[in-house]
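Data first, discussion second: the structure below is written as structure tokens.
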Amino acid sequence: MSDIRKERAQKALQKKALYGSDIDLKQFSMSSPEESYEEDLSKLPPEMAGQILSAGIETKEENRSATYLQKNHSVIHCQTRQDGVEVLNIDDALAKYDWLHKYYWNMVSVDQDKYTAMAYLHPHHGYFIRALPDTKTILPVQACLYLEQENLVQNVHNIIIAEEGSELNIITGCAGSSRPGKGLHIGISEFYVKRGARLTFTMIHNWAEDMEVRPRSAALVENSGVFISNYISMKKIRSLQMYPITYLRGKDALVRYYNILVSPKGANLDIGSCVYLEAPGSRAEVQSRAISTGGQICARGRLVGKEENIKAHLECRGLLLEKEGMIQAVPELEAHLPGVDLSHEAAVGKIAQEEIHYLMARGLPEAEAIAAIVRGFLNVDIVGLPRELQSELNRVVEESEKTLL
Amino acid sequence: MLRIENLSVRLQKKMILKNVCLQIPPGEVHVLFGPNGSGKTTLLMTIMGFPEYEVVSGRIIFQGEDITSLSIDERARRGIGLSFQRPPTIKGLKTGHMLEVCNRSHQDIDPYIRQLHFEDFLARDINQGFSGGEIKKSELLQLLAQHPQMVCLDEPESGVDLENISLIGDVINQVFQKDWPAKRTKCRREIKEERQMAGLIITHTGYILNYIEADRGHVMIEGTIACGGNPREMLRNIKKVGYEECVRCLI
């Protein structure tokens, strides 16, 4: 721990975040007993296995190239099944690779707010996933952060590196025990997509109802690199705020963000996506689908064009299914040069009666008609998403739809 | 099949239909002529049961049952099918999935999909960027999947180019069992007697009659059915003297 960073972090421990409700960090416990390592994931307690499955994590590991599983503050499973793919506990990785320290807290600063400060001062592992140059993983790597202990804070730090010419698919499932209980998850994630690499990162949140979650992440994409980030949160969660940033630093770099957000009554989601287009030919697309069934959603987006010949589009569509809910779309476009092409599109409202009647005229009862429209609304065609991930995504969305409707 | 008795309908505080009476027996296709704004679409929408069309008096009897107070979906499940003139786009709902949703009785509609050259549209969002002709084809396929007892078509020729209109006309004739297949085992009388599907087609121009067979025509003027008769004869006269003659009949 460097002294300068430590000092900065300590000073920032009271610093409120720009967005989201302020959380009193003192209410959470910082200590958790060490859990035993589990070689065989089929021996996990059924409740935990079910909760992580809903976040896209397979205990059979059949269709996965590697698995990282952390429970509370303990890494309970970490295994790689494919050459060229490394999956390690971040602390082991930092001990193993000196060079990794340059990637650690490189894009997220320790004094961004009290949550980053907390994560720096009290780290509780996290994962390191790396695809070696020109390695192609077809089967996704799965990583899961599970929080079971009541009133616990879980601070993780993740680093993902797709080396030059590699192809890496990751499913990260964040889940909590279904028992009601408070908890706080702070996740620092730093993504590095090297020249010509392709990283698809799908994060599925299946937290317990009373959780507060503050991810802080940033990505750097080099020449011709492709970063696809999918985020799904469809369950009730007390509060979740994040505003991940991608820096497109290399020529022809590309990022696509897809967010599928559902906010049930009592939930509060504040989710943004920010892209800095800093190299010629770079492109970005941000798509959000937000449904409120009584909860709050703020969908932010910010595109900053700093180079010639860049193109980026922001789209947010919101659907209010209940009177109590609220959806806010806040798109921001910032052009620093002529010759940048930035656009946005936002629409928030209720389901058009005309669409319901159309389906009813085909014989569907009203409730089924609404369900079909909602299903369509959530059906985002994610360009370039591998088939395995798409089917996993469909499965998770379909499962959540059942509770939603 | 369908009997409409003294139907008066209000839309947004304005009376549109006044004392409409109409009867369509099973196996018959009727055409409803009339100038723009005469209430033709209102009649179809009321038969289908859209709640904004308020029935002030009268009844709609379908297959012996009073359906005047049934909801849209209940009417659809009893066998009324409607092709929309301007159906809404539903984003994310694929046309292929829409056809499955309509297809409660597992009809094989693949031959029709091929006949209408519609294979490439199944993966597209329903009605998203569809041309006039594509909408008609999609609506027809949905009706074929739905397999109703009675089909209501709202201006099936509007916005369709010449090439597609005969294709669409062919399929409509098949729907109404008015098609005489070249290779057939049954005699014409048998085919005719088997016809059960009833139809009500709205047409402003009458152009569709060049492509499909209809049994009877009606003219609607100012929310009332002015007269009925042989559809081709009526169309010829309407083309000659316009709808003014029908207005005169009403007075």
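Letters A, B, ... are given to chains in the order of the sequence lines, protein chains preceding strands, and every chain is numbered from 1. No experiment lies behind these values; they were computed from the predicted model shown.
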Worksheet item: Going by heavy atoms in the side chains, are B/Leu93 and A/Leu359 under 4.5 Å from each other?
Response: yes
Response to the item:
Tightest non-hydrogen contact, residues B/Arg86 and A/Glu354, listed as O-OE2, 3.9 Å
Discussion item. Can you confirm whether more than 12 heavy atoms, excluding those of B/Lys18, are under 6.0 Å from its NZ atom?
Written reply: yes
Discussion item. Around atom NZ of A/Lys265, are there more than 12 heavy atoms from other residues, nucleotides or ligands closer than 6.0 Å?
Written reply: no
Worksheet, complete the sentence: Turns out that what part of B/Asn103 lies under 4.5 Å from chain A's heavy atoms comes down to neither
Worksheet item: Got A/Tyr358 and B/Met98 here, is their nearest side-chain heavy-atom distance under 4.5 Å?
Response: yes
Discussion item. So which residue, A/Ala352, A/Gly376, A/Ala369, ends up with the most heavy-atom pairs under 4.5 Å with chain B?
Written reply: A/Gly376
Worksheet item: Where does B/Glu74 contact chain A at under 4.5 Å (heavy atoms): side chain, backbone, both or neither?
Response: neither
Response to the item:
One option among B/Ile72, B/Ile126, B/Thr89 has the most heavy-atom pairs under 4.5 Å with chain A, and it is B/Ile72
Discussion item. So which residue, B/Gln142, B/Glu52, B/Arg78, B/Met48, ends up with the most heavy-atom pairs under 4.5 Å with chain A?
Written reply: B/Gln142
Worksheet item: How far does CE of A/Met360 sit from CZ of B/Arg75, to the nearest 0.5 angstrom?
Response: 10.5 Å
Worksheet item: Given a strict heavy-atom distance threshold of 4.5 Å, which part of A/Arg317 is in contact with chain B: side chain, backbone, both, or neither?
Response: side chain
Discussion item. I'd like to know whether CD of B/Gln12 has more than 12 heavy-atom contacts from other residues, nucleotides or ligands below 6.0 angstrom.
Written reply: no
Fill in: Pair B/Arg104 + A/Glu368, salt bridge at N-O below 4.0 Å
yes
Practice prompt. Would you check if B/Ile90 and A/Ile373 make a side-chain contact, meaning some heavy-atom pair closer than 4.5 Å?
Written response: yes
Item to complete: State, yes or no, whether a side-chain contact exists between B/Pro51 and A/His357 at a heavy-atom distance under 4.5 Å.
Response: yes
Worksheet item: What heavy-atom pair brings A/Ala361 and B/Gln146 nearest, and what distance separates the two atoms?
Response: O-NE2, 3.2 Å
Worksheet entry | Salt-bridge criterion met for A/Arg362 and B/Glu139 (N-O under 4.0 Å) | yes
Worksheet item: Should the heavy atoms of other residues, nucleotides or ligands under 6.0 Å from NE2 of B/His147 be counted, would the total exceed 12?
Response: no
